[in-house]
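Encoded as structure tokens, the structure appears first; notes follow it.
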Amino acid sequence: MKLAVYGKGGIGKSTISCNLSLALAKRGKKVLQLGCDPKHDSTFSLTGFLIPTIIDTLQSKDYHYENVWSEDVIYQGYGNVDCVEAGGPPAGAGCGGYVVGETVKLLKELNAFYEYDIILFDVLGDVVCGGFSAPLNYADYCLIVTDNGFDALFAANRIAASVKEKARTHPIRLAGLIGNRTSKRDLIQKYVEACPMPVLEVLPHFEDIRISRIKGKTLFELAENESDLDYLCEYYLSIADQLLAQPEGVIPNEISDRDIFQILSHF
Ligand code: ADP
Ligand code: MG
């Protein structure tokens with residue numbers, strides 16, 4: 001199963017991705033997390049460091065794919081989750097979609113692409129141009145991370161539109177929204193009333209989650225020594241279980257920019 005996690009920058013995609021990858025591994029799946037954000041810190045909580053990116057490695061080998069080995073680009077993270085960072089195009093030049101394409105091509109050459117039960121693409125999604133929607137070409141399910149605010153829901157609506165577009169040629173579904181860093185869900189609720197889609201979980205702001213990211217560890221790793229963190233792991237296990245049940249999901253019907261301003265306006 002291929003998953004693509006999208007959402008506005010800084011909304012919590014990578015934190016959720018790492019913990020969700022691990023939750024899926026805890027359920028016995030062989031998991032690869034593939035960071036597709038030029039920020040290349042997607043897998044930091046799993047490895048504890050910034051691993052070299054595919055683009056850096058390819059550049060150092062003059063794009064000779066035959067000289068790149070699995071161990072150059074695939075790093076084993078905590079709990080046996082394998083980690084890859086695609087990296088980014090040079091700032092102000094190149095295309096994020098090209099980078100994702102090259103990454104998938106390389107993983108196929110290394111016979112790694114079909115080796116996993118789950119590949120999770122962690123993708124920046126403020127603006128989903130053709131390039132940044134590239135992971136949707138491979139995904140069975142898209143997940144969108146949002147908080148209870150206008151900006152993240154506006155981005156979510158754009159991402160939903162991209163899923164609809166891709167669904168014309170590819171069997172992709174939107175599994176749903178994951179609310180993050182919010183105890184309120186009124187705007188999320190308003191949005192899904194206008195654009196129906198499941199809400200898989202809503203995670204409040206937890207200081208322990210923020211600190212786990214700084215420490216470069218998943219909640220599961222920290223919970224090994226602090227059992228009072230177990231309840232946080234349950235959020236991610238719940239999302240994992242919902243996905244493993246192969247939910248129907250939706251092909252979303254995004255709402256217009258004008259409507260989203262109206263629906264989410266506080267005035
Ligand atoms: P993204 O990958 O979407 O850019 P990150 O996963 O890097 O976002 O998260 C951004 C920041 O928010 C990080 O410092 C992270 O620790 C923090 N964070 C994410 N989710 C939560 C949460 N539920 N509670 C508290 N802090 C969180
Ligand atoms: Mg990230």
Side-chain angles (χ1 to χ4, degrees), residues 3-23 32-51 53-55 75 77-78 81 83-89 91 96 99-100 103 119-128 132-135 142-156 158-159 177-185 188 199-223 226 228-240:
L3 305 171
V5 176
Y6 275 81
K8 176 184 170 298
I11 201 67
K13 296 179 293 299
S14 299
T15 310
I16 287 177
S17 294
C18 290
N19 286 288
L20 176 57
S21 289
L22 196 47
L32 172 72
Q33 181 165 322
L34 210 169
C36 303
D37 185 329
K39 203 164 88 186
H40 68 85
D41 64 345
S42 168
T43 57
F44 180 67
S45 301
L46 288 163
T47 60
F49 71 108
L50 291 176
I51 65 176
T53 71
I54 292 240
I55 290 300
Y75 287 75
Y78 178 75
V81 175
C83 300
V84 166
E85 291 287 345
V99 171
V100 173
T103 299
I119 297 185
L120 185 154
F121 295 79
D122 172 11
V123 198
L124 180 70
D126 287 273
V127 183
V128 187
F132 281 98
S133 70
C142 175
L143 298 154
I144 305 177
V145 183
T146 182
D147 58 17
N148 190 51
F150 177 84
D151 293 337
L153 284 164
F154 188 87
R158 280 291 164 86
I159 296 157
L177 294 180
I178 300 171
N180 190 44
R181 240 171 22 204
T182 176
S183 46
K184 291 200 204 152
R185 53 160 87 191
I188 294 175
V199 179
L200 301 178
E201 274 298 337
V202 178
L203 283 92
H205 176 104
F206 288 116
E207 226 11 48
D208 287 318
I209 296 186
R210 195 183 65 77
I211 291 167
S212 73
R213 186 88 185 137
I214 295 167
K215 286 187 174 164
K217 294 195 188 313
T218 59
L219 266 308
F220 290 88
E221 190 173 359
L222 294 177
E226 295 173 63
D228 54 341
L229 296 179
D230 283 345
Y231 77 103
L232 289 177
C233 300
E234 290 300 326
Y235 282 98
Y236 305 107
L237 289 166
S238 152
I239 300 168

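Just so you know, ligand 1 is whichever comes first in the structure, and atom 1 is the first atom listed for that ligand.
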Q. Taking the non-hydrogen atoms of G7, is any one of them nearer than 4.0 angstrom to ligand 1?
A. no
Q | Polar contact flag for D41 and ligand 1 (N/O pairs, less than 3.5 Å) | A | no
Q. Which residue and non-hydrogen atom of the protein lie closest to atom 24 (N) of ligand 1, and at what distance in Å?
A. F206 N, 3.0 Å
Q) Can you tell me if K13 uses its side chain to pair, donor with acceptor, with the backbone of K8 under 3.5 Å? A) yes
Q | N, O or S atoms of the protein lying under 2.8 Å from the Mg ion (ligand 2) | A | S14 OG
Q.
Quick check: do L22 and Y236 have side-chain heavy atoms less than 4.5 Å from each other?
A. no
Q: Can you figure out which of T15, N180, V202, I178 has its heavy atom closest to atom 20 (N) of ligand 1?
A: N180
Q.
Tell me the closest heavy-atom pair linking P135 and V100, and the distance in Å.
A. CG-CG1, 4.0 Å
Q. At what distance is the nearest protein heavy atom to atom 8 (O) of ligand 1, and which residue and atom is it?
A. G12 N, 3.0 Å
Q | Nearest protein heavy atom with distance in Å, relative to atom 10 (C) of ligand 1 | A | G10 O, 3.6 Å
(Q) Please find the pair of heavy atoms, one from L153 and one from I188, that lie closest to each other, and give the distance. (A) CD1-N, 4.0 Å
Q. Below 3.5 angstrom, do we get any N/O pair linking L203 and ligand 1?
A. no
Q.
Can you confirm whether L120 sits close enough to L20 that some side-chain heavy atom of one is under 4.5 Å from a side-chain heavy atom of the other?
A. yes
Q: Could you tell me which atoms of ligand 1, counted from 1 in the order shown, lie closer than 4.0 angstrom to a heavy atom of K39?
A: 4 (O)
Q | Criterion side-chain hydrogen bond (donor to acceptor under 3.5 Å, both in side chains) on S42 and D37, from CA distance to verdict | A | CA-CA 7 Å; S42 168; D37 185 329; over 6 Å; no
Q. Does even one non-hydrogen atom of P204 get within less than 4.0 Å of ligand 1?
A. yes
Q | Expected output: side-chain Q33 to main-chain V81 donor-acceptor under 3.5 Å | A | no
Q | Protein heavy atom at shortest distance from atom 21 (C) of ligand 1 | A | I209 CG2, 3.5 Å
Q. Hey, does I178 have a side-chain heavy atom less than 4.5 Å from the side chain of V5?
A. no
Q) N/O of I16 under 3.5 Å from N/O of ligand 1, yes or no? A) no
Q | Between CD1 on residue I54 and CD on residue E85, distance to nearest 0.5 Å | A | 9.5 Å
Q. Of all residues at least two apart in sequence or in a different chain, which pass the side-chain contact (heavy atoms from CB on, under 4.5 Å) check with A86?
A. L34, V99, T103
Q) Of the listed options (K8, K13, E207, R181), which comes nearest to atom 11 (C) of ligand 1 when hydrogens are ignored and any heavy atom counts? A) R181
Q. To which of K215, H205, R213 does the heavy atom nearest atom 13 (C) of ligand 1 belong?
A. R213
Q. Using the ring of each side chain (for Trp, its six-membered ring), is Y235 parallel, tilted or perpendicular to F206, with breaks at 30° and 60°?
A. tilted
Q: Please lay out, stage by stage, how R213 and D41 fare under the test salt bridge (Lys or Arg N to Asp or Glu O under 4.0 Å).
A: CA-CA 10 Å; R213 186 88 185 137; D41 64 345; 3.6 Å; yes
Q. Can you find a pair of side-chain heavy atoms, one from S14 and one from F44, that are under 4.5 Å apart?
A. no
Q) Would you say ligand 1 has an N or O under 3.5 Å from any N or O of G9? A) no
